[in-house]
Amino acid sequence: MTQEPLVRWDWIARNWANGGPTAISALLENHVVMAFLPVLFGLVVALPLGLACVRWRWLYQPTAALMNVTYSLPSLVLFSIFLSVTGLTRSTVVIPLTFFALAVLIPAVVDGLASVPDPVRQSAVAMGFRPARRLLRVELPVAVPVVLAGLRVATVSSISLVSVGALIGQGGLGNLFIDGWQRQFYTPIVVGIVLIVLLAVLADGLLVLAQRLLTPWSRARRAA
């Protein structure tokens with residue numbers, strides 16, 4: 001291993017898209033799917049569950065406690081538990097990561113809705129907004145910065161945790177770490193680290209851009 005350079009560009013060129021399941025491009029695609037599906041599923045579940053927790057406050061504490069316990073479990077333990085049910089499939093990684101995303105997104109939704117100033121909510125009521133319209137037109141837009149902050153944490157965390165799935169054969173770019181370690185060959189490890197970092201930076205940047213587009217009043221307020 002000491003005779004090898006840190007990065008062998010010829011190896012990257014040969015393995016980027018060699019048509020096999022272990023091609024770097026194929027692993028990157030699998031990594032993206034397994035990282036973003038849990039965040040998407042988590043958001044779909046967290047929105048109504050967060051709304052329910054705001055509506056019935058007694059529900060929030062047990063829900064948050066359950067999610068915190070789940071989040072405290074090592075990801076590999078959860079993968080191993082689901083392995084006996086879902087087998088060596090993407091679901092074994094996606095389902096546990098969805099629980100991790102929920103642990104971040106539910107408090108974000110609850111805190112975001114709680115951050116809506118009461119005068120704003122009362123003004124919407126005075127203007128005749130019914131609950132559904134008030135939620136969509138007033139409360140959720142105001143809650144966007146807090147919800148997106150949680151979404152950024154959940155997304156970056158998911159991109160990182162997917163790599164652990166390589167230990168059960170479903171880790172996307174994490175498979176490069178195992179390959180490099182088993183062969184005492186640095187290049188796959190470096191490629192995996194760089195791509196995961198770039199993916200996390202790109203995803204976070206897109207979410208920041210989305211926040212700017214969804215909250216134009218924030219820019220106007222700063223410019224005033």
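Heavy-atom basis, side chains included; hydrogens, waters and symmetry copies ignored.
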Could you go through residues 116-124 and list every donor-acceptor pair under 3.5 Å that involves a side-chain atom there, pairing it with any protein atom two or more places apart or in another chain?
| unit_1 | atom_1 | unit_2 | atom_2 | d |
| --- | --- | --- | --- | --- |
| Arg121 | NE | Glu139 | OE2 | 2.7 |
| Arg121 | NH2 | Leu113 | O | 3.2 |
| Ser123 | OG | Pro119 | O | 2.7 |

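- Within the 3.5 Å criterion, the main-chain N or O of Asn175 finds no donor-acceptor partner in the side chain of Asp179.
- Sorted by first then second residue, the ring-ring contact (aromatic ring centres under 6.0 Å, His included) pairs that include residues 62-113, not counting sequence neighbours, are Tyr71-Phe100.
- Both Leu148 and Leu51 are part of a single hydrophobic cluster, where members link through side-chain heavy atoms under 4.5 Å apart.
- How far CG of Leu167 is from CG of Leu83: 11.5 Å, rounded to the nearest 0.5 Å.
- Cluster annotation: Leu151 and Val208 are assigned to distinct hydrophobic clusters (Ile/Leu/Val/Met/Phe/Trp/Tyr, side-chain heavy-atom contacts under 4.5 Å, transitive).
- Ile168 is connected to Val162 through a chain of hydrophobic side-chain contacts under 4.5 Å among Ile, Leu, Val, Met, Phe, Trp and Tyr, so both are in one cluster.
- A donor-acceptor pair is defined here as one N or O able to donate and one able to accept, closer than 3.5 Å; such a pair exists between the side chain of Thr215 and the backbone of Gln211.
- Scanning all heavy atoms of the two residues, the minimum distance from Pro107 to Leu102 falls at CD-O, 4.0 Å.
- Remark: Ala52 engages Trp56, Leu59 in a side chain to side chain contact (heavy atoms under 4.5 Å, CB included) (not counting sequence neighbours).
- In this structure, Arg183 places its CZ atom where more than 12 heavy-atom neighbours from other residues, nucleotides or ligands lie under 6.0 Å away.
- Atoms CG and CG, from Asn15 and Leu27 in turn, are 9.5 Å apart once rounded to the nearest 0.5 Å.
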Handout entry: Verdict with reasoning, Leu136 to Phe129, per side-chain contact (heavy atoms from CB on, under 4.5 Å)
Key = CA-CA 10 Å; Leu136 295 174; Phe129 282 35; over 6 Å; no
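- The environment of CZ in Arg130 is sparse: at most 12 heavy-atom neighbours from other residues, nucleotides or ligands sit within 6.0 Å.
- No donor-acceptor distance shorter than 3.5 angstrom exists from the side chain of Ser115 to the backbone of Ala143, with no hydrogens or angles considered.
- In this structure, the side chain of Ser160 does not engage the main chain of Ser157 through any donor-acceptor pair within 3.5 Å.
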Under 3.5 Å, which donor-acceptor pairs do the side chains of residues 29-45 form with other protein atoms, sequence neighbours left out?
| unit_1 | atom_1 | unit_2 | atom_2 | d |
| --- | --- | --- | --- | --- |
| Asn30 | OD1 | Arg90 | NH2 | 2.5 |
| Asn30 | ND2 | Ala26 | O | 3.4 |
| His31 | ND1 | Leu173 | N | 3.1 |
| His31 | NE2 | Ile159 | O | 2.8 |

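- The two atoms that bring Pro96 and Ser91 nearest to each other are CD-O, 3.8 Å, heavy atoms only.
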Please tabulate, for side-chain N and O atoms in residues 189-201, each donor-acceptor pair with protein atoms closer than 3.5 Å (sequence neighbours left out).
none

Practice task
Starting from the C-alpha separation in whole Å, work towards a yes-or-no answer on side-chain contact (heavy atoms from CB on, under 4.5 Å) for Leu49 and Leu105.
Solution key: CA-CA 10 Å; Leu49 196 51; Leu105 291 173; over 6 Å; no
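- Annotation: side chain to side chain contact (heavy atoms under 4.5 Å, CB included) contacts of Leu206 (sequence neighbours excluded): Leu202.
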Exercise for the section: List the steps and the verdict of side-chain contact (heavy atoms from CB on, under 4.5 Å) for Arg8 and Arg14. Expected result: CA-CA 10 Å; Arg8 280 184 49 184; Arg14 286 198 311 273; 4.0 Å; yes
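- Closest heavy-atom contact between Asn18 and Ala23: OD1-CB, 3.1 Å.
- One finds the CD1 atom of Ile106 at 10.0 Å from the CG atom of Leu47 (value rounded to the nearest 0.5 Å).
- When all heavy atoms of Val109 and Val147 are compared, the pair lying nearest together is CA-CG2, 4.0 Å.
- No single ILVMFWY cluster, assembled from side-chain heavy atoms under 4.5 Å apart, contains both Phe177 and Trp181.
- Panel note: side chain Ser158, backbone Thr155; no donor-acceptor pair is recorded below 3.5 Å.
- Taken together through direct or relayed side-chain contacts under 4.5 Å among Ile, Leu, Val, Met, Phe, Trp and Tyr, Leu66 and Trp58 form parts of separate hydrophobic clusters.
- For the pair Arg57 and Val110, the minimum side-chain heavy-atom distance is below 4.5 Å.
- Between atom CG of residue Leu209 and atom CG of residue Asp204 there is a gap of 11.5 Å, rounded to the nearest 0.5 Å.
- For the atom pair CG (Leu176) and OG (Ser163), the distance works out to 9.5 Å, reported to the nearest 0.5 Å.
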